[in-house]
Each structure stands twice: as C-alpha cells, then as structure tokens.
Amino acid sequence: MGRDIIANILTSIRNADLYKKGRVQIASTNITNNIVKILLQEGFIKSVRKHQESQKNFLVSTLKTRKGNKLILKRISRPGLRIYSSYQRIPKILGGMGIVILSTSRGIMTDREARLEKIGGEILCYIW
C-alpha cells in the first residue's frame, strides 16, 4: 500500500489545530508545497518557512489561532476512490465560505480559480 501524502498533511494540520499547537512540520513535496501555498493565500495558516534537517526538506507552518472554531479539513478523493468533477459541478462549501482544492491539468488550485478558468479536475479536499 502506498502513502497518501494529502491525507497526512490534512491530519497533521487538523491535529495541530485541535490540540492548539502553534506549528506543524510537513514533508516537502510538490503537492504539499502547492496545498500549503493555497492554505496560506486563503488565510487558514499564518506563515510557512522551509527547513532542512539531515538531507530532508520540511515545511514548517504556523497556524492561526482560532477562538472556539476548529479548522475542518476533509479528504474527498483518495487512492481507492477518485472523485472527479467538471467545473459546473464543483461544490460550494458553506455557500462559498469554505474552499475546495482541486488537482487540474493546470496544477493544484481552488474551486474559484477552476471555475474562472472553466477547468474541472479531481477534488482533493474541502476546507472550512
């Protein structure tokens, strides 16, 4: 069985937010870099920096402090069951308050960007 990198990222961030940890350390790959960049742009994390430790690269993300509200990250498409959507059928999370992260032919992007470019793709996760 292979490793699900996206599920590992989401679980790490979810656990750090649940236990009020300020920082989370994530293995650095192209997919993780793109997802963390989207989370930073959308305001779910405060900052990101790269860290190298014994020939391995990591991303150290600083989470925003939340008052009472916990960050919800839900994995949708997984290795055993891929979920694809056209741009017309991309779901809106909480009426547009949350985001959907998609893997498209033009890279990993949010639901808003995919609708503007009229591109569908694999639905990776929901965040709100």
Please determine whether residues [X] and [Y] belong to a single hydrophobic cluster, defined as Ile, Leu, Val, Met, Phe, Trp and Tyr linked transitively by side-chain heavy-atom distances below 4.5 Å.
| X | Y | value |
| --- | --- | --- |
| Phe58 | Leu40 | no |
| Tyr126 | Tyr87 | yes |
| Leu18 | Leu71 | no |
| Leu81 | Tyr84 | no |
| Ile123 | Ile101 | no |

Could you tell me the separation between the [atom1] atom of [X] and the [atom2] atom of [Y], rounded to the nearest 0.5 Å?
| X | Y | atom1 | atom2 | value |
| --- | --- | --- | --- | --- |
| Leu102 | Ile83 | CG | CD1 | 12.0 Å |
| Ile9 | Leu39 | CD1 | CG | 8.5 Å |
| Ile31 | Ser103 | CD1 | OG | 7.0 Å |
| Leu63 | Ser47 | CG | OG | 9.0 Å |
| Thr29 | Ile5 | OG1 | CD1 | 4.5 Å |
| Leu124 | Leu73 | CG | CG | 12.5 Å |

Contact between [X] and [Y] at the side-chain level, heavy atoms closer than 4.5 Å - yes or no?
| X | Y | value |
| --- | --- | --- |
| Leu59 | Lys50 | yes |
| Ser61 | Val36 | yes |
| Ile93 | Ile99 | no |
| Glu117 | Met109 | yes |
| Arg14 | Asp17 | no |
| Ile45 | Val24 | no |
| Phe44 | Arg66 | yes |

Does Arg23, at its CZ atom, have more than 12 non-hydrogen atoms belonging to other residues, nucleotides or ligands within less than 6.0 Å?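 Not buried by this count: 12 neighbours or fewer within 6.0 Å.
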Donor-acceptor check, side chain of [X] to backbone of [Y], threshold 3.5 angstrom: yes or no?
| X | Y | answer |
| --- | --- | --- |
| Thr62 | Lys46 | no |
| Asn34 | Asn30 | yes |
| Arg75 | Ser77 | yes |
| Arg78 | Asp4 | no |
| Asn57 | Ser28 | no |

Nearest non-hydrogen partners of Ile90 and Ala114, listed with the distance: CD1-CB, 3.9 Å
Would Lys67 and Thr65 count as a side chain to side chain contact (heavy atoms under 4.5 Å, CB included) here? Give the steps. CA-CA 7 Å; Lys67 296 177 184 174; Thr65 55; over 6 Å; no
Pick out which of Asp111, Ile76, Thr110, Ile127 makes a side chain to side chain contact (heavy atoms under 4.5 Å, CB included) with Val100. Asp111
